[in-house]
2 protein chains.
Amino acid sequence: MQDLLFGFISKYVTLTEDEKNAIVSLNIFRSAKKGTTLLKEGQKSNDGYFVLKGCIRTYYVIDGEEKTTAFYTEMEGLTPHCVINKTPSEYFISCVEDSILTIADPEMEVDIFKKFPKFETLCRVLSEELLAKQQINFDEYKTSSPEQRYLNLLQKRPDLIQRVPQHQLASYLGIKPQSLSRLRARILKKNKG
Amino acid sequence: MQDLLFGFISKYVTLTEDEKNAIVSLNIFRSAKKGTTLLKEGQKSNDGYFVLKGCIRTYYVIDGEEKTTAFYTEMEGLTPHCVINKTPSEYFISCVEDSILTIADPEMEVDIFKKFPKFETLCRVLSEELLAKQQINFDEYKTSSPEQRYLNLLQKRPDLIQRVPQHQLASYLGIKPQSLSRLRARILKKNKG
DNA sequence: TGAATTCGTTCACTTAAGTTAAGAAATGAA
DNA sequence: TTCATTTCTTAACTTAAGTGAACGAATTCA
């Protein structure tokens with residue numbers, strides 16, 4: 001299961017055995033059952049997450065309703081807002097599927113960065129990549145309708161539509177489950193007739 | 001006009017006269033008239049922008065229609081996606097008002113960082129702050145209706161509503177100008193009776 | 001396994017945004 | 001200042017999402 005992580009990292013930097021061992025010795029690998037809540041609203045935490053296998057989601061609870069704002073699947077990572085901000089979390093994080101994650105406190109990072117500056121480069125590159133991706137994501141969301149967003153998702157992350165419950169997907173697309181059902185029926189009709 | 005920049009920077013780090021002079025000698029201060037296009041779709045550029053005075057916006061042109069995705073006002077900065085990605089720009093950037101900006105190529109930054117490591121800290125802190133802000137922004141956008149978004153804007157950036165044309169605001173809120181008019185009339189009615 | 005809950009779809013009705021059009025107000029250029 | 005253009009608002013109509021309810025299917029778990 002570590003191989004998943006090292007395979008991913010190898011796309012960015014080359015690690016020596018020493019460096020790999022340093023990572024393993026941090027003991028950051030965790031597995032979590034479907035439905036497990038990793039972070040609760042109001043909670044303080046310093047943990048960042050990286051998905052090796054499975055799927056996790058972030059969601060707000062507003063007027064008793066879940067509003068899913070993001071899904072993270074294989075080789076995607078998340079540093080919750082509350083970690084950066086040192087404030088109680090405004091949202092929940094939970095497992096959509098049984099998952100294998102790395103869970104790491106950025107405090108650790110400082111030590112590792114000193115020992116292996118290579119890791120700092122890795123983290124900077126990853127976060128820049130993430131920022132760029134997020135910007136484009138937001139722009140796409142803003143410039144398209146729910147139907148377009150669904151079709152876009154179908155193109156870009158077809159796996160999500162299979163592995164995530166409809167009502168969570170709907171919320172992620174900014175609509176109600178009933179509207180997603182209707183929208184899908186509408187698309188099907190168009191493609192037939 | 002440099003004082004605006006140094007006043008802002010002083011909130012994060014303290015600069016010596018030497019360091020201030022180093023910045024001034026970079027000759028990064030520019031002024032631009034309302035309506036000036038700073039970056040066009042399809043264009044390649046390495047320039048990052050920081051607004052000292054005035055207001056700039058980013059917008060896409062989709063099916064001949066402008067879709068405004070962001071406004072940047074005093075003490076806000078923007079590194080366009082095309083700079084990070086080294087690709088042609090997917091959007092336009094233009095001045096909403098007569099503006100005073102710093103326009104800097106990140107290539108320059110490397111030199112400055114070497115001379116004054118303090119600047120790297122400054123940039124890292126600023127970009128982390130920005131990332132956190134953006135995440136929250138996106139989440140708020142996703143979890144609220146156009147009307148809520150308008151009311152939210154009224155709270156958080158009341159100046160924008162004064163200084164930006166309605167049709168650009170509407171686009172920014174994800175709706176048509178007609179809908180913004182209607183929505184405002186609706187709110188006014190509620191508050192009366 | 002069987003009962004209970006959650007989930008997904010459909011329907012009828014409501015609400016709000018999109019569209020088209022027209023006219024008033026503000027802005028800008030000659 | 002005047003004329004032209006752009007911007008903002010209003011209105012009538014269309015379209016799509018929200019709401020509440022019902023029902024069968026799938027999932028959970030005791």
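As the structure is a prediction and not an experimental result, all values here were calculated from the model. Convention: sequence-line order gives letters A, B, ...; per-chain numbering from 1.
Taking atom CZ of residue A/Arg182 and atom P of nucleotide C/dC13, one finds them 14 Å apart after rounding to whole Å. For B/Glu65 and C/dT20, the CD to C1' distance is 13 Å, given to the nearest whole Å. We find that CG of A/Leu183 is positioned 15 Å from C1' of C/dT10, with the value rounded to whole Å. Taking atom CD1 on B/Ile62 and atom C1' on C/dG18, their separation rounds to 16 Å, with Å as the unit. Regarding A/Arg186, its CZ atom lies at a distance of 14 Å from the C1' atom of C/dT10, rounded to whole Å. Between A/Gln166 atom CD and C/dT10 atom P there is a gap of 11 Å when expressed in whole angstrom units.
Side-chain contact between B/Pro80 and B/Leu39 is present, with at least one heavy-atom pair separated by less than 4.5 Å. In this structure, the side chains of A/Glu41 and A/Tyr91 stay at 4.5 Å or more apart for every pair of heavy atoms.
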Please tabulate the protein-to-nucleotide N/O contacts below 3.5 Å involving nucleotides 28-30 of chain C, giving atom names and distances.
unit_1, atom_1, unit_2, atom_2, d
C/dG28, OP1, B/Lys34, NZ, 3.3

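Here the closest non-hydrogen pair linking B/Leu183 and B/Pro146 is CD1-C, 3.9 Å.
Look at B/Ser179 and you'll find a side-chain N or O under 4.0 angstrom from OP1 or OP2 of C/dG18. A close approach under 4.0 Å does occur between a side-chain nitrogen or oxygen of A/His167 and OP1 or OP2 of C/dG8.
A salt bridge between B/Glu65 and B/Lys176 is present, with a side-chain N of the basic residue lying under 4.0 Å from a carboxylate O of the acidic one. Comment: B/Lys33 does not engage B/Glu97 in a salt bridge, judged by the lack of any side-chain N to carboxylate O separation of less than 4.0 angstrom.
The residue A/Gly174 sits close only to the backbone: its heavy atoms come under 4.0 Å of sugar-phosphate atoms, none of a base.
The cationic group of A/Lys142 lies under 6.0 Å from the six-membered ring centre of A/Phe138 and within 45° of the ring axis, placing it in a cation-pi geometry.
Where DNA chain D meets chain A (any atom under 4.0 Å from a heavy atom), the bounding nucleotides read 5' to 3' are D/dA16 to D/dT28.
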Show me the donor-acceptor pairs, under 3.5 Å and distance only, between side chains in residues 46-62 of chain A and residues at least two apart or in other chains.
unit_1, atom_1, unit_2, atom_2, d
A/Tyr49, OH, A/Leu38, O, 3.4
A/Arg57, NE, A/Thr68, OG1, 3.2
A/Arg57, NH2, A/Glu66, OE1, 2.4
A/Arg57, NH2, A/Thr68, OG1, 3.3
A/Thr58, OG1, A/Thr69, OG1, 3.0
A/Thr58, OG1, A/Ala70, N, 3.3
A/Tyr60, OH, B/Asp139, OD2, 2.5

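At a cut-off of 3.5 angstrom, the base of C/dG8 holds no donor-acceptor pair with the side chain of A/Arg184.
Side chain of A/Arg30 to backbone of A/Thr102: no donor-acceptor contact under 3.5 angstrom is found.
Positionally, the nearest nucleotide of DNA chain C for A/Pro165 lies more toward the 5' end than for the other of B/Gln178 and A/Pro165.
Here the rule is side chain to side chain donor-acceptor pair (under 3.5 Å) with A/Asp159, and of A/Lys156, A/Arg163, A/Arg157 only A/Arg163 fits it.
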